[in-house]
Amino acid sequence: MAKLNITQLKSRIGATQNQKKNLDALGLRKINQTVQHENSAIILGMIEKVKHLIKVEEVK
């Protein structure tokens, strides 16, 4: 299964409470922090909610 590199590009200030919780669940706390997750439906759902704050790259 492919992995995803997820990088937070924008601040969480001004985001809704649910978006902040999704960033926390993804493990993103600071701008320019990168985490790696498996490509799964749950992770893709979280990414969809905060796609305006992050950048996603697929790692083979």
Side-chain angles (χ1 to χ4, degrees):
M1 187 172 251
K3 291 194 176 226
L4 300 172
N5 276 343
I6 306 166
T7 305
Q8 182 177 346
L9 296 179
K10 294 186 178 180
S11 173
R12 64 175 53 220
I13 297 174
T16 65
Q17 194 66 27
N18 286 337
Q19 290 169 342
K20 290 177 184 179
K21 287 180 182 178
N22 276 323
L23 288 172
D24 289 340
L26 287 170
L28 296 169
R29 308 261 187 257
K30 301 177 183 177
I31 295 175
N32 291 326
Q33 182 180 4
T34 301
V35 294
Q36 195 172 64
H37 288 285
E38 292 289 332
N39 189 0
S40 68
I42 295 169
I43 298 297
L44 293 176
M46 286 191 267
I47 288 170
E48 184 64 29
K49 298 292 184 183
V50 293
K51 64 183 173 190
H52 60 287
L53 302 174
I54 60 174
K55 175 179 72 170
V56 180
E57 299 170 328
E58 188 172 349
V59 178
K60 302 225 175 185

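Keep in mind that this is a model prediction, so the values were computed, not measured. We're numbering straight along the sequence, starting at 1.
- Considering all non-hydrogen atoms of both residues, A2 and E58 come closest at CB-OE2, 3.3 Å.
- By the 6.0 Å contact criterion, NZ on K49 is open, its count of non-hydrogen atoms from other residues, nucleotides or ligands being 12 or less.
- Under the rule for a side chain to side chain donor-acceptor pair (under 3.5 Å), the partners of E48 that lie at least two apart in sequence or sit in another chain are K51.
- Contacts of T34 classified as side chain to side chain donor-acceptor pair (under 3.5 Å), with partners at least two apart in sequence or in another chain: T7.
- Among residues two or more places apart in sequence or in another chain, the side chain to side chain donor-acceptor pair (under 3.5 Å) test is passed with K3 by E38.
- Not counting sequence neighbours, E57 has no partner by the side chain to side chain donor-acceptor pair (under 3.5 Å) test.
- Other residues sharing a hydrophobic cluster with L23 under the 4.5 Å side-chain heavy-atom criterion for ILVMFWY residues are L4, I6, L26, L28, V35, I42, I43, L44, M46, I47, V50, L53, I54, V56.
- Among residue pairs with one or both ends in residues 21-33, those qualifying as side-chain hydrogen bond (donor to acceptor under 3.5 Å, both in side chains) are R12-D24, D24-R29; sequence neighbours excluded.
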